[in-house]
Amino acid sequence: MSFGILNLSEAFMVRVRIAPSPTGPLHIGTSRTALFNYLFAKKQKGNFILRIEDTDLERSNPKWERDILENLKWLKIKWDEGPTPIFQRKIGEITNHKTQNPENQRYIGDYGPYRQSQRIESYTKYIKKLLESGQAFWCYHSKEELEKEKKEQIKRKEAPRHVCDKRQATSDKKKKGIIRFRCPSKKLKVHDLIRGDLESDTGILGDISIAKDLKTPLYNFAVVVDDFEMKITPVIRGEDHLPNTPKQILIQEALGFSRPQYAHLPLILAPDKSKLSKRQGAVSIREYREQGYLLEALINFMALLGWNPGTDKEIFTLPELIKEFSLEKVQKQGAIFNIEKLDWFNSYYVRQKPLDELTWLCIPYLIEEGLIKPIFKIKQYPPAYGGMDLKQIYQISETKEEVNFEYLKKIISLYQERLKKLSEISELADFFFKEKLEYKKDLLSWKEMKDKEILEVLTKLEKIISKIKSDDWNKDNLEKVLLAEAESFDKLRTRKLDRGKLLWPLRVALTGKKASPGPFEIMEVLGKEKTVQRIDKAKSLFSTLDN
RNA sequence: GGCCCUAUAGUCUAACGGUUAGGACGUCAGGUUUUCAUCCUGGAAAUCGGGGUUCGACUCCCCGUAGGGCCA
């Protein structure tokens, strides 16, 4: 890994990065920062880098790094560089049944990420340099002493900071110390691509800590070294880093580094306007993915949180975003994460999905709820005909019936317009997979219908339906026959047409639910036998009337 | 406590000194529909407050206020 010599085209290349700490799963905020960096890089035909800031060994965990990588890939935010060109996975390899989308497996990042833990030599080099020039020093003040100093400063209404009065050029093996940087006092002007000119007084910074020892750099120092060596510009990051910027610039200047451009993005806020955190609910991409939000919806939603194209267009694909994106259109104020808008985007993209793909995406949720089980059927052929063939089918858990993908696809098609998120499918469509429906007989009543009337309707339905031939068992024909009947049936009693008297009890008998798709398409999927069975079951609820 | 950032409907935002302050989500009403959803039509809803600058301010400046971030 070397950043020493860059050729000319590289020197002028836009290179941006995100630098998450692997201390938790990929956060919505981090993803949005990643997205903006990615869009900026791609628009400028530059590179986007992923750098894992894992110097805090106690809080870092490889499992979180894996989560960050996996979910960035799922979002199709691909990074362009890395030290290890090893990350290739076999096409078709499946890690998690919920990621079972053939699209995702075609590309898997070609590189591992940069990691701070693998760049210690660089940090040591520059810490030594500052120590030698006297711009940094060892400080051995105890926690108690620092605490006391701070309290007194607050009492005097001064900025809390440490100004060391016992600076040591070399380390003292016997005592536990820390390396600090002496911040020069001056007025510092910074131009921010989003916020404009900012000015601050660095005199109040004191002697900031930059490393625990020669091999353990602290955040503000490591960032400066990394961004310089990786030739990052502009640094596009969250607004929470704004106060760090002057510190980092002073360190840059002490080291003789060039200054990158800066762009500080507005924060994503919880509904109570505080910084979005775990306390307010789901904040990781993984959680949204598992709930059945589509990456298209998440990307589109995140892009519009703090950015707008300047037109009324709201629906954007990733390539369209790359085309339209610019930092000038990024907002200054924090944006509240509005889940209702996300839901709207998601239901939009669900409706746009090709049905095959949507079915693939929904099946895992049916499996997870235990409604169906995936099973493999092996067909044996003589060797000359290829030996054997593996076919995936599904078994309905309750009835042990075997159904194929096409059957599930028919069911999913009924819900394409009804799903806000994929996870809802099992609750909405469970009646297709149940042996017995659980519902109260009152539910069969449309408006003020009495038991006697309901029974009459059900009997009539059963009679008509059992006459329909299997060959004619399809939605259109069922609709034709039953609608005609509904009209003549109703005309006998009331002047105003009310098809509900026939269709509501029918639909409830089939589904056991007060809301569902229409009865005709449901009947088509269920088939004649089950349809008749279910009407019969509904009739049996009124058995006392019969006698 | 110190420093910094921000301010248009409930929410995301448009209007780069002159518009009946526009769009989207949500919400409400109506239509289509057996129900739900989709779809269509329509409605309610905003420039934080006070001073300036200007013929004219959502827009520029100042002071408040409110919210947020960082530091420990």
Side-chain angles (χ1 to χ4, degrees), chain A residues 143 146-147 149-162 190 192 194-196 198-206 208-209 219-220 238-247 264-276 300-315 328-348 350-351 414-420 424 428 443-444 446-447 449 457 479 482-483 486 490 497-508 510-511 513-520 522:
Chain A
K143 263 201 176 120
L146 295 174
E147 207 58 46
E149 187 186 18
K150 198 143 291 160
K151 265 189 192 157
E152 282 169 11
Q153 285 164 338
I154 288 175
K155 209 183 255 175
R156 276 178 276 144
K157 299 204 171 185
E158 283 174 18
R161 78 212 121 120
H162 177 55
V190 188
D192 188 286
I194 293 167
R195 277 145 222 283
L198 307 170
E199 204 181 279
S200 63
D201 183 356
T202 65
I204 56 158
L205 263 25
I208 60 167
S209 50
Y219 169 73
N220 278 313
E239 189 189 7
D240 45 345
H241 289 291
L242 209 48
N244 288 326
T245 309
K247 296 177 191 172
H264 286 92
L265 304 172
L267 258 24
I268 297 180
L269 272 26
D272 68 356
K273 294 193 174 176
S274 64
K275 199 173 160 185
L276 195 63
N300 201 154
F301 174 66
M302 289 194 294
L304 258 31
L305 226 45
W307 173 85
N308 76 83
T311 65
D312 285 347
K313 187 172 156 76
E314 296 224 51
I315 299 290
E328 291 83 69
K329 284 281 180 189
V330 173
Q331 213 67 21
K332 291 197 192 87
Q333 85 230 60
I336 292 175
F337 185 93
N338 180 202
I339 195 133
E340 282 163 341
K341 185 112 189 199
L342 207 211
D343 283 344
W344 178 77
F345 274 118
N346 206 56
S347 58
Y348 172 83
V350 165
R351 276 177 269 138
L414 304 183
Y415 289 94
Q416 184 149 24
E417 284 187 347
R418 282 166 241 260
L419 285 177
K420 273 214 283 262
E424 293 166 346
L428 293 174
L443 194 60
L444 288 159
W446 171 244
K447 291 179 181 167
M449 275 171 97
V457 167
E479 186 169 350
L482 285 164
L483 238 39
D490 193 60
L497 182 62
D498 188 359
R499 292 161 171 170
K501 281 196 177 166
L502 193 81
L503 298 182
W504 174 273
L506 171 61
R507 205 184 49 73
V508 172
L510 296 174
T511 64
K513 291 182 191 300
K514 61 176 179 225
S516 78
F520 314 117
I522 290 173

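Here is how names work: the chains are called A, B, and so on, in the same order as the sequence lines, proteins then strands, and each is numbered from 1. What's counted below: heavy atoms across the whole structure, side chains too, no hydrogens, waters or symmetry copies. In this text the structure is predicted, and so the values were computed from the model without any measurement.
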Whole-Å [atom1] distance, [N] and [M]:
N      : M      : atom1 : value
B/rA14 : B/rA29 : C1'   : 27 Å
B/rC36 : B/rU32 : C1'   : 14 Å
B/rG50 : B/rG17 : P     : 23 Å
B/rC28 : B/rA9  : C1'   : 15 Å
B/rC62 : B/rU6  : P     : 12 Å
B/rU8  : B/rG67 : C1'   : 16 Å
B/rU41 : B/rC5  : P     : 45 Å
B/rC40 : B/rU54 : C1'   : 47 Å

Which residues satisfy the side chain to side chain donor-acceptor pair (under 3.5 Å) test with [X], sequence neighbours excluded?
X      : result
A/S516 : A/R507
A/S209 : none
A/K247 : none

For a quick check of understanding: with a heavy-atom distance under 4.0 Å over all strands, which category does [X] fall into, base, sugar-phosphate or nothing?
X      : result
A/E147 : sugar-phosphate
A/L205 : nothing
A/P517 : base
A/R351 : sugar-phosphate
A/K275 : sugar-phosphate
A/K514 : base
A/G238 : nothing
A/K151 : nothing
A/Q331 : sugar-phosphate
A/A515 : base

Mapping A/L267 and A/F345 onto RNA chain B by nearest heavy atom, which one lands closer to the 5' end? A/F345
Need to verify one output field. Residue with the more 5' nearest nucleotide on RNA chain B, A/P243 or A/G306? A/G306
Are there over 12 heavy-atom neighbours, none belonging to A/K313, within less than 6.0 Å of that residue's NZ?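 More than 12 heavy atoms, drawn from other residues, nucleotides or ligands, come within 6.0 Å of this atom.
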Check: A/R351 and A/L419 side chains under 4.5 Å, non-hydrogen atoms: no
Hits for ring-ring contact (aromatic ring centres under 6.0 Å, His included) against A/F337, two or more places apart or cross-chain, chain-then-number order -> A/Y288, A/F301
Go through the structure and list residues passing ring-ring contact (aromatic ring centres under 6.0 Å, His included) with A/W446, not counting sequence neighbours. A/W504
Would you call A/E158 and A/K155 a salt bridge, using N to O less than 4.0 angstrom?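 Between A/K155 and A/E158 there is no salt bridge, as every charged N stays at least 4.0 Å from the carboxylate O atoms.
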Please determine whether a side-chain nitrogen of the Lys or Arg among A/R161 and A/E149 lies less than 4.0 Å from a carboxylate oxygen of the Asp or Glu.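 Judged by the 4.0 Å cut-off on N to carboxylate O distance, A/R161 and A/E149 do not form a salt bridge.
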Which nucleotide, if any, forms a Watson-Crick or G-U wobble pair with [N], using both distances under 3.5 Å?
N      : answer
B/rG10 : B/rC25
B/rC39 : B/rG31
B/rA46 : none
B/rG1  : B/rC71

Nucleotide range of RNA chain B lying under 4.0 Å from chain A heavy atoms: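 So the contact region on RNA chain B extends B/rG1 to B/rA72.
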